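No hydrogens, no waters, no symmetry mates; every other heavy atom, side chains included, goes into these values. Computed from a predicted model, the values in this text were never measured in an experiment. One is the number of the first residue; the rest follow in order along the sequence.
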Amino acid sequence: QVQLVESGGGLVQPGGSLRLSCTASGIMLSSYTMHWYRQGPGKQRELIANIFSDGVSYYDDSVKGRFTVSRDDVKNTMYLQMNNLKPEDTAVYYCNTVYMSQNLWGRGTQVTVSS
């Protein structure tokens, strides 16, 4: 009933752009701090961005200036606009929040940056 579903991943050339979506069911995204994580090949899962309930955002230095997180309250969807993509951005991207003391994850969407 309560779930997060990511979409929008794919193959893109270096310097290109993608927009990821995280659509929520059974939870109102605007009431929670939402997170974007990613996990690259052979790497730990890392936090790359937050959006707080008041709309203030946070970015890890690795994506700051290139990625933008936003939220559409009508669609109950969080977005991650990714510009100037680099090969090191290749990863599975996940959205996440803490809901009722549990860590709620989507299943992830694959982003591959390659020429």
Please lay out, stage by stage, how T23 and T77 fare under the test side chain to side chain donor-acceptor pair (under 3.5 Å). CA-CA 4 Å; T23 299; T77 298; 3.2 Å; yes
So D60 and F67, side chain to side chain contact (heavy atoms under 4.5 Å, CB included) or not? Walk me through it. CA-CA 10 Å; D60 184 76; F67 291 11; over 6 Å; no
When you look at M34 and L4, which way does the side chain to side chain contact (heavy atoms under 4.5 Å, CB included) test go after all the steps? CA-CA 11 Å; M34 303 297 300; L4 305 173; 4.2 Å; yes
Can you list the steps and then say if I48 with L80 is a side chain to side chain contact (heavy atoms under 4.5 Å, CB included)? CA-CA 10 Å; I48 57 170; L80 185 68; 4.0 Å; yes
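Contact check for T109 versus S7: no side-chain heavy atoms found under the 4.5 Å cut-off. Under the 4.5 Å side-chain criterion, counting only non-hydrogen atoms from C-beta, S114 is in contact with L11. Side-chain atoms of V92 and Y37, non-hydrogen and from C-beta on, never get closer than 4.5 Å to each other. Looking at heavy atoms from C-beta onward, N96 lies in side-chain contact with N103 at the 4.5 angstrom threshold.
With hydrophobic clusters built from ILVMFWY side chains whose heavy atoms lie under 4.5 angstrom apart, L20 does not share a cluster with Y58. V98 and F52 are members of different hydrophobic clusters when ILVMFWY side chains are connected at heavy-atom separations under 4.5 Å. Taking hydrophobic clusters as Ile, Leu, Val, Met, Phe, Trp and Tyr residues chained together by side-chain heavy-atom distances below 4.5 Å, L47 shares a cluster with V56. L29 is connected to I51 through a chain of hydrophobic side-chain contacts under 4.5 Å among Ile, Leu, Val, Met, Phe, Trp and Tyr, so both are in one cluster. Under the 4.5 Å side-chain heavy-atom criterion for ILVMFWY residues, no single connected hydrophobic cluster contains both W36 and W105.
Expressed to the nearest 0.5 Å, how far CG of N83 lies from CZ of R66 amounts to 9.0 Å. Atom OG of S57 sits about 10.0 Å away from atom NZ of K64, to the nearest 0.5 Å. Annotation: the span from E6 atom CD to Q110 atom CD amounts to 12.0 Å, rounded to 0.5 Å.
Taking the charged nitrogens against the carboxylate oxygens, E46 and R38 do have a contact shorter than 4.0 Å, which makes a salt bridge. Ion pair K86/D89 not flagged as a salt bridge, since none of the NZ, NE, NH1 or NH2 atoms sits closer than 4.0 Å to an Asp/Glu carboxylate oxygen.
Between L18 and G8, the shortest heavy-atom contact is CD2-O, 3.9 Å. When every heavy atom of Q81 is checked against every heavy atom of S17, the shortest pair comes out as NE2-CB, 4.0 Å. Y94 and G106 get closest at one heavy-atom pair: CD2-O, 3.6 Å. Between G9 and V111 the shortest heavy-atom distance is CA-CG2, 4.1 Å. Here the closest heavy-atom approach between residue D73 and residue S30 is recorded as OD1-CB, 3.5 Å. Across all their heavy atoms, G26 and V2 have their closest contact at O-CG2, 3.5 Å.
Between the S115 side chain and the Q13 main chain, no donor and acceptor come within less than 3.5 Å of each other.
Residues passing the salt bridge (Lys or Arg N to Asp or Glu O under 4.0 Å) test with R45, sequence neighbours excluded: none. In terms of the salt bridge (Lys or Arg N to Asp or Glu O under 4.0 Å) criterion, E88 has no residue partners (sequence neighbours excluded). Judged as a salt bridge (Lys or Arg N to Asp or Glu O under 4.0 Å), and not counting sequence neighbours, D72 has no contacts.
Counted by atom type alone, T112 and T90 present zero donor-acceptor pairs between their side chains at under 3.5 Å.
For Q102, the CD atom sits in a packed shell: over 12 heavy atoms of surrounding residues, nucleotides or ligands are nearer than 6.0 Å.
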